[in-house]
2 protein chains.
Amino acid sequence: MSVTIKDVARLAGVSPATVSIVLNGKGKVSEETRKKVEEAAQKLGYRPNIVARSLVRGKTNTILLCAFIKEQEKLSAFYGELINRLLAAISREGYYLQIVVKGEFFNGHPLDKREALLNIARNSLFEGLVVLSHWPIHYSEVSDLVKENFPFVIVNQRVEGEGVSYVDIDHYGGAKEAVKYLIEKGHRQIAHLRGPREHRHAEERYRAYIDTLLDFGIPIKKEYVVEGNFRRMSGREAMEKLLQISPLPTAVFAANDKMAIGALQVAKERGIKIHDDIAIVGFDGIEAVKYTDPPLPTVEQPLGELGKVAAELLVESIKGGEVKKIVLPCRLTE
Amino acid sequence: MSVTIKDVARLAGVSPATVSIVLNGKGKVSEETRKKVEEAAQKLGYRPNIVARSLVRGKTNTILLCAFIKEQEKLSAFYGELINRLLAAISREGYYLQIVVKGEFFNGHPLDKREALLNIARNSLFEGLVVLSHWPIHYSEVSDLVKENFPFVIVNQRVEGEGVSYVDIDHYGGAKEAVKYLIEKGHRQIAHLRGPREHRHAEERYRAYIDTLLDFGIPIKKEYVVEGNFRRMSGREAMEKLLQISPLPTAVFAANDKMAIGALQVAKERGIKIHDDIAIVGFDGIEAVKYTDPPLPTVEQPLGELGKVAAELLVESIKGGEVKKIVLPCRLTE
DNA sequence: TTAGTTTATTAAAACGATTTAGCTAAGGAG
DNA sequence: CTCCTTAGCTAAATCGTTTTAATAAACTAA
């Protein structure tokens, strides 16, 4: 079938061992045999079988990205940038990337949280594991990995405890920036269009909203906080509720960009001038807010950075370095 | 180190062969040994080493996605949906996905077009190859794959000739839809904001623009065609040029959404009413056009479908089925 | 009883590389 | 001349499975 090291050896008139030595550049060989081997390999178009190499070396140089995200969610719409940078960073270190998404098939059956991590690790196929999750992860779900000393890094969640590396985004800090920005623009009647209660990020952004108002001595108005579900339509509905309150808020901090866009649409339909009458600021940094009229300020999540740092942490962990817990700041863009 | 089949065999008091037979469900074993083996495997938490299995079986069940795209481009911004569906479809068939992007490292050195395809194929690591490319691919670049009978499918480009499967999008047809839509709305002064000359898709969309006008007996005005580079800013510049022409066009067909958005912005700044004074329609179906004011009609590229069909073609090809050339229609959404 | 068949199990080969340990020949030191 | 070193090469073991062919035991049929 395909060309093996034996074929090269035969053609070059040497042993397979010699071929291996020449092609891997280890050990000593005479200039003459080196040439013979290289020519033979060239002529036959020989490529080493990576599987065989992996078996004997005991490593595949592949890392696995396990994405636990909602089905409907596009892995890439949001995490595309993350994957790009992750891929770039690990490929530079000589690793390959394999991706598996929750609900999809791995080793025969659909990947689901519990069973997966440990099995995959034990599988011994991968050098390391990147765990990207939308839902909080409990220490017990990764303690086996820690025990086996299997390199992994958690992305987008924080898991305290020994032996765990993670990189997460500072939603609290980012949200504080957003609210501060509005306050510094002179707003005092600031509403918050919050995300679902069960969503950790929504909760953090909400906390930041409350804390920042308190920091500046601005009284909290309960009716200024309306809950949405992160989708545009819920932003519309929430905005409609807000517009019935008097005094009208002069600013809205939306917990994500989609809801901010919904709010903007309703406001415009009512003839309310964005920025002048009501300021709106979102969160996430999706592309669409650049193209609304007017464009909306937003708190940009450093998703690319997330991928890059995840790669760095993982590679360090593979090399036996220490685990690290990193929280990346986000910044507000207008 | 890790648990091997020998460990299981020893604990169960049988030979490794028996363990393999039990765990793979082939061959006959007594109920008694089956139990012993299963218990031992369970107890030790045994997982077969996939690398070893792959070596002996001669297949890794992994397919490789080779993305030849521009560096700055986000693999995922545009192709996210594609990858999602591709991944879903192949994982259902029991295959894993590995991704490598142009410019990133593969097997030691940065992946670049020529060398790559054949080498990778010969590598024997992968069951099949999905080639996603932004640039036209010449038959000679894949003829080696054809010769070696290595399963592959080309996505986003058309390569005529024997032994080649591809799935592409009907840019010409989609663009025709767009122009027809404008004509049916009563427009006769239709401008075209075309993409760069060297870009195949831009060229096809341009051809469709010309052909459709001719079909309807509408005279072509050379000055109504302005070239941009697919970026928003060039859409702005082009629109500014168009607005100096008299008679003013009453409609603009932009070769992509970003340019359409740029055009929209300029028009709005000049106080021109979109739809009433000037209709604009874009191409691509990016999310942002849903949130402009007003939202723009666009020709949606079925990127998810592209991924799904690619997977189907590839799997069929792996199974020894015949090659197919498929062109997917796009549809206009308002 | 004997030959033939079926059943349950396993020894050993294979997959294709890498790596270890050893061998030969040549060169150098005494 | 002998001993030691070194350079250059290779035979054979190894990685962890799967699979083939063989074996032993048990059962069937005549």
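Note that this is a predicted model, so its numbers are computed, not measured. Each chain gets a letter, A, B and so on, in the order the sequences are listed, and its residues count up from 1. As a basis for the values below, the full set of heavy atoms in this structure was taken, side chains included, without hydrogen atoms, waters or symmetry mates.
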Examine C:dT7: is either OP1 or OP2 under 4.0 Å from a nitrogen or oxygen in the side chain of B:K28? Give yes or no. yes
Nucleotide nearest B:N49 (side chain, heavy atoms from C-beta), chosen from C:dA17, C:dT10, D:dT17: D:dT17
In terms of side-chain heavy atoms, does B:T18 have a donor or acceptor partner in B:S15 at a distance below 3.5 Å? yes
Rounded at 0.5 Å granularity, tell me how far CD1 in A:I137 sits from CD1 in A:I154. 4.5 Å
Would you mind reading off the distance between A:R34 atom CZ and D:dA7 atom P, rounded to a whole angstrom? 15 Å
For a quick check of understanding: with a heavy-atom distance under 4.0 Å over all strands, which category does A:S20 fall into, base, sugar-phosphate or nothing? base
Flag for A:Y166-A:E160: side-chain donor and acceptor within less than 3.5 Å: yes
Please report the distance, rounded to the nearest Å, between CG in B:D7 and P in D:dG16. 9 Å
Distance below 4.0 Å between B:T33 side-chain N/O and C:dA8 OP1 or OP2: no
Using salt bridge (Lys or Arg N to Asp or Glu O under 4.0 Å), reason through A:E31 and A:K36 one step at a time and then give a plain yes or no. CA-CA 9 Å; A:E31 202 46 49; A:K36 274 193 301 183; over 6 Å; no
For A:R53 and D:dG16, give me the distance from atom CZ to atom C1', rounded to whole Å. 18 Å
Let me know the distance between CD1 of A:I5 and C1' of C:dA17, rounded to the nearest Å. 6 Å
A:I21 or A:A52: which one's nearest nucleotide on DNA chain C is closer to the 5' end? A:A52
Can you establish whether the number of heavy atoms outside A:K324 located under 6.0 Å from its atom NZ is more than 12? no
Just checking A:S54: base, sugar-phosphate only, or nothing, at a heavy-atom cut-off of under 4.0 Å? nothing
From A:L65 atom CG to A:L82 atom CG, the distance as rounded to the nearest 0.5 Å: 8.0 Å
Whole-Å distance between D:dT17 C1' and B:K59 NZ? 15 Å
Of B:S15 and B:V56, the one whose nearest nucleotide on DNA chain C sits closer to the 5' end is B:S15
Could you check whether A:T18 gets within reach of a base, just the sugar-phosphate, or nothing at all, counting any heavy atom under 4.0 Å? base
Quick note, A:V14 side chain, CB onward, closest among C:dT9, D:dT10, C:dA17 is D:dT10
Rounded distance (Å) that lies between atom P of C:dG16 and atom CZ of A:R57: 17 Å
B:A17 has its side chain closest, among C:dA11, D:dT17, D:dT10, to C:dA11
Rounded to the nearest angstrom, tell me the gap between atom CG in B:L23 and atom C1' in D:dT18. 12 Å
Report yes if a side-chain nitrogen or oxygen of B:S30 is closer than 4.0 Å to either non-bridging phosphate oxygen (OP1 or OP2) of C:dT7; otherwise report no. no
As a test of reading the structure: which of C:dC15, D:dT19, C:dT9 is closest to the side chain of B:K26, going by heavy atoms? D:dT19
Gap between atoms CD and P, on A:E31 and D:dC9 respectively (whole Å): 10 Å
Can you tell me if the side-chain N/O atoms of A:Y46 get under 4.0 Å from OP1 or OP2 in C:dA17? yes
